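Please read all numbers here as calculations on a predicted model, not as lab measurements.
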Amino acid sequence: SVLRHAVKRWRGRRVPGFFGETYLLGKSGHQVAVAGGFGVGAPVVGVLVEAFAAWGVGRFVWLGIAGGLQPELHTGELVLVETAVRDEGASHHYLPSEPTVAASTQLTASVAQAIAQADLPYQTGATWTTDAPYRETAAAVAHYQQSGVQAVEMEVAALFAVAQYCQREAAALLAVSDSLAGGVWQQATAPQLPEQRLAQALDGLVRLATEQAR
């Protein structure tokens, strides 16, 4: 739904040759592209980042959904990621094996500016990236919750690592779609809210990127 919104709102023209769907946004002066429908998980994101980097993309902003790990995070709330726990495999093929990988400081500041201008509240912090959703055990959830990690998802660590390897900038904004904070999975109370918040954030990001490209 976020991809469809972007294509309609920003006059997207499809670009062939990539996994899923990729569109150049005409109203951005063709300075911004959006991609989606390519599947989930760190490996596919790594492939896409390398392909887009070869195409000439210099900055990547991930807009995705995530499970909340902290009790104060509710459905639809936004988390601007500072670091990602590397509990997946792809990132370790690109950077030395450290526990976490960081977002681009400068690009993250630009994302913060865009969502603030769109009047969207957000939290900052870490996310836990794992490619094994059925191994999000109670012990692991409790460990990361106690460590102050905000959310869990399947892609961000790979995004940050591959972008660094390709000498590109990367940032990530997550919308909480469900929660593991109580040790039991809880579905979203407002299923459409995360997508609505991400669509609002995307509009703010495209506007800012378009202004910066002029």
Side-chain angles (χ1 to χ4, degrees), residues 1-6 9 34 36-37 40-42 45 60-88 100-103 107-160 170-208:
S1 62
V2 179
L3 183 64
R4 298 276 79 78
H5 168 83
R9 170 74 174 80
V34 294
V40 298
V45 171
F60 297 86
V61 179
W62 178 263
L63 300 176
I65 58 174
L69 296 181
Q70 300 301 326
E72 65 271 16
L73 284 175
H74 304 293
T75 300
E77 292 196 27
L78 299 175
V79 177
L80 182 58
V81 180
E82 297 173 322
T83 60
V85 176
R86 299 168 65 186
D87 196 21
E88 39 63 64
T100 62
V101 59
L107 183 56
T108 299
S110 293
V111 174
Q113 179 184 349
I115 58 179
Q117 289 176 351
D119 199 26
L120 293 170
Y122 65 94
Q123 307 287 333
T124 59
T127 184
W128 164 30
T129 303
T130 174
D131 265 345
Y134 292 112
R135 296 305 300 157
E136 292 172 18
T137 63
V141 169
H143 167 73
Y144 288 115
Q145 184 182 44
Q146 292 166 9
S147 299
V149 175
Q150 297 284 341
V152 57
E153 40 63 49
M154 297 178 66
E155 296 90 8
V156 173
L159 170 76
F160 290 172
L173 183 67
L174 305 172
V176 176
S177 60
D178 55 288
S179 178
L180 292 170
V184 177
W185 179 59
Q186 297 178 355
Q187 299 184 54
T189 54
Q192 299 305 315
L193 188 56
E195 286 83 359
Q196 292 169 1
R197 292 279 170 80
L198 291 176
Q200 291 175 284
L202 184 143
D203 285 338
L205 289 164
V206 175
R207 281 194 294 269
L208 183 63

*Locate the shortest heavy-atom distance separating Ala42 from Ala158; write the atom from each residue and the value.*
CB-CB, 3.5 Å

*Can you name the nearest heavy-atom pair linking Ala84 to Val156, along with the distance?*
CB-CG1, 4.0 Å

_Please report the interatomic distance CG(Asp178) to OG1(Thr75), rounded to the nearest 0.5 Å._
8.0 Å

*In sequence, state the C-alpha distance, the side-chain angles, and the governing distance for Leu198 and Ile65, and then conclude on side chain to side chain contact (heavy atoms under 4.5 Å, CB included).*
CA-CA 9 Å; Leu198 291 176; Ile65 58 174; 4.2 Å; yes

*Is Gln145 reaching over with its side chain to a backbone N or O of Leu69, donor-acceptor style, under 3.5 angstrom?*
yes

*Sort out for me which residue in Thr100, Thr83, Val81, Val45 forms a side chain to side chain contact (heavy atoms under 4.5 Å, CB included) with Phe160.*
Val81

*asked:* Atom CD of residue position Glu72 - does it have more than 12 heavy atoms of other residues, nucleotides or ligands inside 6.0 Å?
replied: yes

*Audit row: Asp131, Met154, side chain to side chain contact (heavy atoms under 4.5 Å, CB included) steps and yes/no*: CA-CA 5 Å; Asp131 265 345; Met154 297 178 66; 4.3 Å; yes

*Do you know which two heavy atoms are closest between Ala188 and Ser177, and how far apart they sit?*
CB-O, 2.9 Å

*Close side-chain approach of Leu107 and Phe60, heavy atoms under 4.5 Å*: no

*Is there a donor-acceptor contact under 3.5 Å from the side chain of Thr127 to the main chain of Ala151?*
yes

_Using the rule given for side chain to side chain contact (heavy atoms under 4.5 Å, CB included), can you reason through Arg197 versus Leu120, listing the C-alpha separation, both sets of side-chain angles and the distance that settles it, and then say yes or no?_
CA-CA 8 Å; Arg197 292 279 170 80; Leu120 293 170; 3.9 Å; yes

*Apply side chain to side chain contact (heavy atoms under 4.5 Å, CB included) to Trp185 and Glu136, showing your working.*
CA-CA 10 Å; Trp185 179 59; Glu136 292 172 18; over 6 Å; no

*Determine the minimum heavy-atom distance between Gln150 and Thr124, stating which atoms define it.*
NE2-O, 3.8 Å

*Closest heavy-atom pair and its distance - His74, Val176*: O-CB, 3.6 Å

*asked:* Looking at Gln123 and Leu78, would you say the former's side chain and the latter's main chain have a donor-acceptor pair under 3.5 Å?
replied: no

*Are Gln196 and Ser1 side-chain neighbours, meaning at least one heavy-atom pair lies under 4.5 Å?*
no

*Which atom of Ala157 lies closest to which atom of Thr129, heavy atoms considered*: N-OG1, 3.1 Å

*Rounded distance (nearest 0.5 Å) linking atom CD of Gln117 with atom CG of Leu208*: 6.0 Å

Scan the side chains in residues 199-207 for donor-acceptor partners under 3.5 Å anywhere in the protein, sequence neighbours excluded, and list what turns up.
| from | atom 1 | to | atom 2 | distance (Å) |
| --- | --- | --- | --- | --- |
| Asp203 | OD1 | His5 | NE2 | 3.0 |
| Asp203 | OD1 | Trp10 | NE1 | 2.8 |
| Asp203 | OD2 | His5 | NE2 | 2.9 |

